[in-house]
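Written below as structure tokens is the structure these notes are about.
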Amino acid sequence: MHELRITMRKLFMVMHYRGVPGTYCSRQFDECYRKKCKLQSPNYPGLYPRNVTCLLSLRQKEVPHCKHAMISVHQNAEHKVQMKRAASAPASLNKTSRAVRVWGDCTGQGERDYLVFYDGPSQSDPVLLRWCGGDLLPRVASRGPEMLVAFHSSAFSSPLHSLSPLRGFELEVDVMFSDSDSLDYQRDPRKCEFWVNATTWGVGPPRSGSVLSPRHTLPPNTTCTYRFHGLPGDTVWVYFLAYSHYSLLAPAAAAPAVLATPATSTTTARPLHNHLLILPTRTFSKFCGDNRVWRHRPPATPPPSPWIGLGGGSGSGRSHQPHPGTAGLGPGLGPGLGPGLPPPTPSSTACSMRLRIWDGGGASTAGLPVLASHCGADGPRLCAHAALGNATRATRSCGPHESYESSGTDLTIQHHVTEGTALHPVHWRLKYEFVDTNLGGEPWTGRGALLATGAVSAAGRPLSRPPIPCARLFRRLRSGEVFSPRNVFMFGRGGAANLSCIYRIEAAANERIRLSIDRASFGESADVCSTVPDPHTGRPTCAYLLGARAAELRVWEVPWRDVRLPRACLCDNATVAAARPFVYTSASRVLELTFTVTQLNVTEDFDNLNFHATFEMVRSNECSRKQRLRGAGGEIEFESPASSRSDLSCDGMPWMVEAHENKSLFLLTWGSFLPVAGPVDDSASSPSRCHTRSRILLYSGRPLRLLRVVCPLGHRERQFSLHVFSEEWFGLPAGQQLPAAPPGTLSYSPVAASMAAGGAGGPGGAQSSPSFLVEWVGRDQASAALHWLEISRPKLALQQRLWAQVGEKGAKPPPDLVLKGNLSLALGWDCPHKCPELNACISESLWCDGRPNCPSGFDEADPKCEYIGRRIFTWLPGGLYFAMASAGAGCVALLLGCLLLVLCRARARRRLLAKQDHGLGYGGGGSGLGTLSSVTSSRGTIGSRGSLSAGLSGGSLPGTYRRTKTRRRSDGTGRRLSGVDGDAIANQPRRVPTSELLLDANS
């Protein structure tokens, strides 16, 4: 009796249920996650009655916040699932497999006892499994927090079945919880469909995540569809971390209607969750509403080893071609797979599970390209090594042959099961990510497929030219933003080894660009590089540790199409921030940004390697003078602060001095050389001491590199003069053709030939003309000047240099290469206009031009330079002589014509005055009184006999009139005529002509 009480107490502890009024054996089980619930047949472990129907209802009412509850039932112990067997199928004493009876085996002649599992609280819900005995009960899980289990015993049976009594069944009940926003359970009871939508950056959940196969049991003929939808410019990238599918069906020849699993061993049976393929368990945090929930995801349930399917696709790239064998297939799965129960037997279908992936989305998948189609154990492409990664171990990225990528914003995955997952368990896990391919601006191919040389450099190690995966152009915009790529395939996590992006911003005429960089992150490289100010310009530069990789953001000025000038370099995470952005205003109309990272590791992506910048256009005057010079020579003057209008409009613009083909360049300035890269010591004893912060920077080569830094001086004293030659002056000039071989030799050696072919840059093609880029950095009040000359070597000197480089050691040069006598006389035949101190030839136009061009002034020491006319006209180009002569001849002809016209008009006037004097009767002995014949006046017309017409002014005295027309005597003396009233003339307010006549009308 004591043992019976203990047994009853244990049964009471595990049998927390409520009976259903009016029924014999129906029970209601609630809150099975707090206490252990077990479903038992009536009178268990005794004989259960015949012809009864028991409804066992399971319900989980209390569900934690942000969780979803599911109920599962299973039993792996054979002695706890003893139900009636068919008389024709007695139990075997020497079994080699564990068998179960399902679906069709449970119907016919009413001689079966069976269990029916419903996915819900009523018998109208979908049927998950019909089970009528066997050696185990597979795990059956409901979609939600309720499940109904119906037990029906046959009316016809004997008390004893075979050699043992029918003890009934005892089933284990578990409650599973999933996150309410996870994708591992079916939300809609009518259809199994999942939508995964991309979100905007920084808003909502992350744009990547995991998708698990449904943890609950799917009814037969169920199709689950997963639709991934991205934002404009997105693509969808998915890869499977684990995939397993197996069938409990035995081979059709052995037992066509029996599901079987292989025998484990002679010991007790293993539970179904002991698998060979164990998915990794991860613990992470997740937000749900206002509460933070920590969840622990248990390992999924892999299959027994004989039916583990890990087959992967054989694609070699991210192809969007239809899968072989799927041409012509629509959304259906083929004949004989219609809905309805019971499902077809294994012999009637060749595919109990089908997985298909389409490149696209929408309500229908008809006409969409099929990326993959897999049947049964033929699994998809697998990236299994990615599942081995954790917080301390990183794995390589998944390649194109291990993943799938859509060509657009949508991707659809469809999973169809014909006989349900209770008999054909499927377990898979995939990772998805929405890949943002937006880069801003428009595509730019201005620099081709290679990044310009010199944009990438790390710790003094030359780097190869990496291809440009992102080159963008921003133009015709008043403002905008520039940001780093967010495409995972451009980073190490997506399989890339290096990242090189270039962004070009172009302004319109009379505009400049104001650039503001407010965020920059360089990942782990920030510890091996620091951003420091340049000692000469104060601009930020990158200082790498020896052997460090390159991770930098550079700003380039593009004053001309083929010239890029570095302006800033950022390489650490502390230089810029939203509160202290780096701001730069361009001096030209074009700016370029290069974002470069080399030696990417598999964990790096856009989260730790990124930058963000904004730009706007500001009004500014165009540079009014030509800053790119080419010619025989010239002078450049610098001044800061800028005072003239041209200096203000060209502030910040460099000067470009170029030589013609087969020529070299010579620069002359005054000051002292400073270290190019080292710090400037301002102590009095230091040779690098400079009295000003202003600098002259000399760049050379293609790409540009800083050659010299000059501390300028305003006064031009000879002891402070600095001489700078272009680099090819000390070798063969750029583009110089190899002269004829010296007499007595057949040809030059291959070394000389290679030098002639490659110039100073070495073999490999023609070189550009020599050039200097001169930049004035005016950081305080200062002035400076720079002279430049186009020079060339005499032919004899060039041949001597070649012989010294390629001739045999100890061999004497040919006689023609030995200088005889004075050096100037020896070079005179080949160089009539030269600078002896430079051993160089200069242009004829610089000879005797009134300005000393050679450092010693030798070009103005010629006695012929004393003629002032030659000094003036030899300074000008030859084409201006004819223009000046023509202009002078025209001016002389015009002056002569004007003089002749004035003389002719004066003579005609004298003749007219003489005729008028004769008409008035003013002869040599006349009395001065006489009669006027028709004389024109300014106020009217004087008629004959002295009558006055109406044109006279009313201001005249009555009876009198005034004659004011200028007249001269016939003798040409210019004296006034007799009878002129001099006082009246003097009282006039206007200037009175030399001759004026007053006539009295009464006389």
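For reference, positions follow the sequence shown, starting with 1.
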- Task: Measure the SG-NE2 distance between C690 and H536 for me, rounded to the nearest 0.5 Å.
- Result: 9.5 Å
- Message: Measuring from atom CG of L553 to atom CG of L609, what distance do you get when rounded to the nearest 0.5 angstrom?
- Response: 12.0 Å
- Query: Regarding N610 and R519, is there a side-chain donor-to-acceptor distance under 3.5 Å anywhere?
  - Reply: yes
- Query: Do D859 and K834 sit within salt-bridge range, that is, some charged N less than 4.0 Å from a carboxylate O?
  - Reply: no
- Task: Please determine, by modelled atom types, if E557 and S588 share a side-chain donor-acceptor pair under 3.5 angstrom.
- Result: yes
- Message: Can you see whether F673 has R708 sitting over its ring - NZ or CZ less than 6.0 Å from the centre and within 45° of the normal?
- Response: yes
- Message: Testing the basics here: between A632 and S843, what is the closest heavy-atom pair and its distance to 0.1 Å?
- Response: CB-CB, 3.4 Å
- Query: In terms of the angle between their ring planes, are F611 and Y503 parallel, tilted or perpendicular, with boundaries placed at 30° and 60°?
  - Reply: perpendicular
- Item | Separation of L789 CG from L846 CG (nearest 0.5 Å) | 6.0 Å
- Would you say W444 and E592 make side-chain contact, with heavy atoms under 4.5 Å? yes
- Task: List the steps and the verdict of side-chain contact (heavy atoms from CB on, under 4.5 Å) for V590 and R504.
- Result: CA-CA 7 Å; V590 179; R504 182 181 176 95; 3.5 Å; yes
- Item | Matching residue for L665 among S726, S700, S769 - test: side chain to side chain contact (heavy atoms under 4.5 Å, CB included) | S726
- Task: Decide whether T614 and E481 meet the rule of one side-chain donor and one side-chain acceptor closer than 3.5 Å.
- Result: no
- Rounded to the nearest 0.5 Å, what separation is found between the OH atom of Y699 and the CG atom of L704? 8.0 Å
- Task: Provide the closest heavy-atom pair for A568 versus F582 in the form atom of the first, atom of the second, distance.
- Result: CB-CZ, 3.5 Å
- Any side-chain heavy atom of P485 within less than 4.5 Å of one from L499? yes
- Minimum-distance pair of heavy atoms, taken over all atoms of E658 and S771: CG-CB, 3.8 Å
- Okay, side chain of E860, backbone of D849: is any donor-acceptor separation there less than 3.5 Å? yes
- Task: Could you tell me whether the side chain of T531 and the main chain of T541 form a donor-acceptor pair under 3.5 Å?
- Result: no
- For the residue pair V555 and Y584, what are the closest heavy atoms and their distance? CG1-CD2, 4.4 Å
- Are P559 and Q627 side-chain neighbours, meaning at least one heavy-atom pair lies under 4.5 Å? no
- Item | C529/C571 sulfur atoms closer than 2.5 Å | yes
- Query: Which distance, rounded to the nearest 0.5 Å, do you find between the NE2 of H787 and the OG of S721?
  - Reply: 11.5 Å
- Query: Is there side-chain contact between M490 and C470, with at least one heavy-atom pair below 4.5 Å?
  - Reply: yes
- Message: Counting C-beta onward and ignoring hydrogens, is there a side-chain heavy-atom pair between L629 and W655 closer than 4.5 Å?
- Response: yes
- Is there side-chain contact between V583 and R514, with at least one heavy-atom pair below 4.5 Å? yes
- Query: Under the 6.0 Å and 45° cation-pi test, does R628 pair with W560?
  - Reply: yes
- Stepwise side-chain contact (heavy atoms from CB on, under 4.5 Å) test for N621 and L648: CA-CA 9 Å; N621 295 327; L648 291 174; over 6 Å; no
- Measure up the F595 and F522 rings against each other and bin them: parallel (under 30°), tilted (30 to 60°), perpendicular (over 60°). tilted
- Message: Can you confirm whether the side chains of H833 and E844 place a donor and an acceptor under 3.5 Å from each other?
- Response: no
- Angle class for the F725/F666 ring planes (parallel below 30°, perpendicular above 60°, tilted otherwise)? tilted
- Item | Criterion side-chain contact (heavy atoms from CB on, under 4.5 Å) on T594 and W556, from CA distance to verdict | CA-CA 8 Å; T594 57; W556 304 80; 3.1 Å; yes
- Message: Just by distance, no angles: are the side chains of S694 and D780 close enough, under 3.5 Å, to form a donor-acceptor pair?
- Response: yes
- More than 12 foreign heavy atoms under 6.0 Å from CD of E635: is that the case here? yes
- So which heavy atom on R793 is nearest to which on C841, and how close? C-SG, 4.5 Å
- Task: For the residue pair E622 and S649, confirm or rule out a side-chain donor-acceptor distance under 3.5 Å.
- Result: no
- Task: Apply the test salt bridge (Lys or Arg N to Asp or Glu O under 4.0 Å) to residues R561 and E506: give CA-CA distance (whole Å), side-chain angles for both, the deciding distance (0.1 Å), then the verdict.
- Result: CA-CA 12 Å; R561 181 177 181 181; E506 295 183 357; over 6 Å; no
- Task: Decide, yes or no, whether a salt bridge links E775 with R695 under the criterion of side-chain N to carboxylate O below 4.0 Å.
- Result: no
- Message: Check this for me: does any side-chain nitrogen of one of D534 and R567 sit under 4.0 Å from a carboxylate oxygen of the other?
- Response: no
- Message: To check you understand the geometry: which heavy-atom pair defines the closest contact between R472 and G440, and what is its length?
- Response: NE-O, 2.7 Å
- Kindly say whether R589 contributes a backbone atom to a donor-acceptor pair with the side chain of S586 at under 3.5 angstrom? no
- Intermediate values then yes/no, side-chain contact (heavy atoms from CB on, under 4.5 Å), L668 and V724: CA-CA 7 Å; L668 172 63; V724 181; over 6 Å; no
- Quick one: do E790 and K663 make a salt bridge, cutoff under 4.0 Å? no
- Message: I'd like to check R625 versus C650 (side-chain heavy atoms, cut-off strictly below 4.5 Å). Are they in contact?
- Response: yes
- Task: Check whether any side-chain heavy atom of W670 lies under 4.5 Å from a side-chain heavy atom of L786, and answer yes or no.
- Result: no
- Message: For the CE atom of M617 and the OG atom of S479, what is their distance to the nearest 0.5 Å?
- Response: 8.5 Å
- Using a strict 4.0 Å threshold on nitrogen-to-oxygen distance, state whether D518 and R580 make a salt bridge. no
